[in-house]
Each structure stands twice: as C-alpha cells, then as structure tokens.
Amino acid sequence: MTPGALAERRDLLILVLDSLVPASAEFPGAGVVALDHVLAVAAASADLESLLSRGLQVVEEAARANGVSGFAQASPDDRESVLRQVERSHADFFEALVRHTYDGYYGHAVVVTRLGLDPGPLHPRGHRIDAADLPDLSRVTARGPIYRQA
Amino acid sequence: MARGLSPIASASGGSVGDRVPWGREHRRAYDERFDRTIMVAIIGEDLPEPANRVDLDPALADSHGIPAPRVSYTLSENSRRMLDHGIARAREALEAAGAREVAFNPLLRAGGWHLMGTARMGRNPATSVIDAEGRCHDVPNLYIVDGSTMVTCGGVNPTSTIQAVALYIADGIIRRRA
C-alpha cells in the first residue's frame, strides 16, 4: 500500500463510518464527523493506513460476494450485515477501525456539544462545573495546613 | 467531566473495555450509558513475595551497555482473592444503588502500579537493607530515601508517606552532620 491509499478510498470509508455510527435525529453520522480523525491517524502510521486500506478492500469484496456490485450499492441493512462478516473474519482491522471511529466521533466538538458538554480545552480555565451540594468543609478550611514547610 | 465517564470513554467502555456496540443500535446503547456510568476501582496491597522483584535485565541494556531494570510481577493467590473480594463488594454496592448493568475487568494491566519494596527498613541486617535512620546496613554513609524502603505498596498513593519519611531521614542526616 502506498501512503494515502486510505484517502483514495475516502467515499467507501465515509459509508463504512456512517454504518458504524449512523446519523440520528440529533446527532450526525460518523462519516461526517469522524472521517478527518481516521484519515489523520492513518496518515501518521503506515501500518495503520495499510491495515485500514486492506480492510476496506475486504469490505468491498465481501459486499460483492453478497450479490451487489459494491458496498455503496447495498442497502443499510446489507451494509451492516457485510460489516458483521468482516468483523468476524478480520478482527484486527475492525478493532482499529471502531476504536479510531469512536475516538474521532466522541472527541469532535459538534458531538461533545450535543451531549451537553463544553467542547473547549481544559487548559487554562478548566471546564465549567455546575454548582453542587457540597458537604460543609468549613471545619477543614479552618483547620489550616497540617504540613510543615520543608 | 463533572460526573461519569468522558464521551470517548463511555463509547470505548473505559478501563473495563466494554465497548458500546456499533451499528443501528449504537445511539440507543450509547445514550443508555453516557452520563449514567460510575466506575469503582479496587486497589489491593501485594504481600512481599520473592517472585515480584526488580532486577537487571540479562539482555536489555542502554546505549552505554548498562543493563536495564527488569520488573517481574505475578498476581499471587492472596492478591487475586483480595481483588475478587473487592469486585464482589463493588457489585453489591452498585446493584443496591440501582445499577442495571455491571461490567468488570478482573485485572487492569494498564493501571497505576506503585513499584515499592526491595530495600526494607529494619533493625536486623539479615532481614532488612536500611536501618531506622535510612542508612544502609552494608554500605557506610549510604542513605536510601524512596518507595523501596516500604515493605508493601499499601492500598493508596504512597507519595505523601514517602515525602514524610524523606523529611524524617533528612532531619537525621542534618542532625548527625551538625
């Protein structure tokens, strides 16, 4: 596999990602949200890029073996069925694919925001935390330091 | 995150590795888990056992030819039983709190391991490495001040105790020097 081989299968990758995490009424599919992350991590590792590219080839071949001209022409149900087959036959590929898809999807600001969280970085201000009913710590704060300066 | 696992950890199952299924059921399964998950960690205290040790690697060395440290660890029956006991109690607590699903990892290999022991403190040179002042029994004027002087790892983070012992030994060094 040559570098960039995965990017050459971009359209197929989008369909596969959308099958892993389909769009819903409130959330986009992974084909939109996780694509850039998956391509980026693959571009940073020749081994991963080769693994994912070969895996996508297997997906395409499995779709054809199921009687359609390609994964893109399969129905959503048939696509998921094909991916279940590949998950069983090529576990290493599928493990990497799902892991990086979830990382990209649930690390994306759009998804984090729709989950009701602040997508901003922790540094320098930290995340906003709603006020909670904390226990009375006045006794602890009044106690003062229990260490000595060394 | 104020509560629960992060979005990514919720999908991947965190340290348990119980990943949310992909496909048409993904959204429903994820929504059932996200912000509704609590994690309980069981931390045990390994007994001092000869098989668990740090020695010099017979083959691996750095660029100067200095042997690398080799860490050997085997989960003992005692440690296994402590972990199993803790997992069972955690399950009881979670189910009593209304948990609908409980998953567990019997041994978190990538957890925070505290490497301690091998230079225990004691009065008897035959059974210990340093004395009560932190001095090595066998090498004059050599002090050992770190986590190796503790016999076991304890069940919690050891840094505060290591710092306290370091201050105690340092005070002794200064006192004897004066």
Kindly work out whether a path of hydrophobic side-chain contacts (I/L/V/M/F/W/Y, heavy atoms less than 4.5 Å apart) joins B/Ile87 to B/Val102.
-> yes

Would you say B/Ile38 has more than 12 foreign heavy atoms packed within less than 6.0 Å of its CD1?
-> no

Select one option (side chain, backbone, both, neither) describing which atoms of B/Arg24 are under 4.5 Å from chain A's heavy atoms.
-> both

Taking atom CZ of B/Arg123 as the centre, does the number of heavy atoms from other residues, nucleotides or ligands within less than 6.0 Å exceed 12?
-> no

Would you indicate whether B/Arg53, at its atom CZ, is surrounded by more than 12 heavy atoms from other residues, nucleotides or ligands within a distance under 6.0 Å?
-> no

Count the heavy atoms of every other residue, nucleotide or ligand shown that sit under 6.0 Å from CG of B/Asn124, and state whether that count exceeds 12.
-> yes

Going hydrophobic residue to hydrophobic residue with side-chain gaps under 4.5 angstrom, can you get from B/Leu107 over to B/Val16?
-> no

For the ring pair A/Tyr106 and B/Phe34, is the centre-to-centre distance below 6.0 Å?
-> no

For A/Ser24, is it the side chain, the backbone, both or neither that has a heavy atom under 4.5 Å from a heavy atom of chain B?
-> side chain

Relative to chain B, which segment of A/Glu26 carries a heavy atom at a distance below 4.5 Å: side chain, backbone, both, or neither?
-> neither

CZ of A/Arg99 to CZ of B/Arg19: how many Å apart, nearest 0.5 Å?
-> 7.5 Å

Answer yes or no: does atom CZ of A/Arg84 have more than 12 heavy-atom neighbours from other residues, nucleotides or ligands under 6.0 Å?
-> yes

Turns out that what part of A/Arg79 lies under 4.5 Å from chain B's heavy atoms comes down to neither

Would you say the ring centroid of B/Trp22 lies under 6.0 angstrom from that of A/Tyr105?
-> no

Heavy-atom pair of closest approach, residues A/Pro22 and B/Gly23 | CD-O, 3.3 Å

Only one of B/Pro7, B/Ser6, B/Ser10 passes side-chain contact (heavy atoms from CB on, under 4.5 Å) with A/Leu115; say which it is.
-> B/Pro7

Leading residue by heavy atom contact count with chain B [cutoff under 4.5 Å; candidates A/Val21, A/Val112, A/Asp18] = A/Val21

Side chain, backbone, both or neither: which part of A/Tyr102 has a heavy atom under 4.5 Å from chain B?
-> both

Whether over 12 other heavy atoms sit under 6.0 Å from B/Arg89 CZ = yes

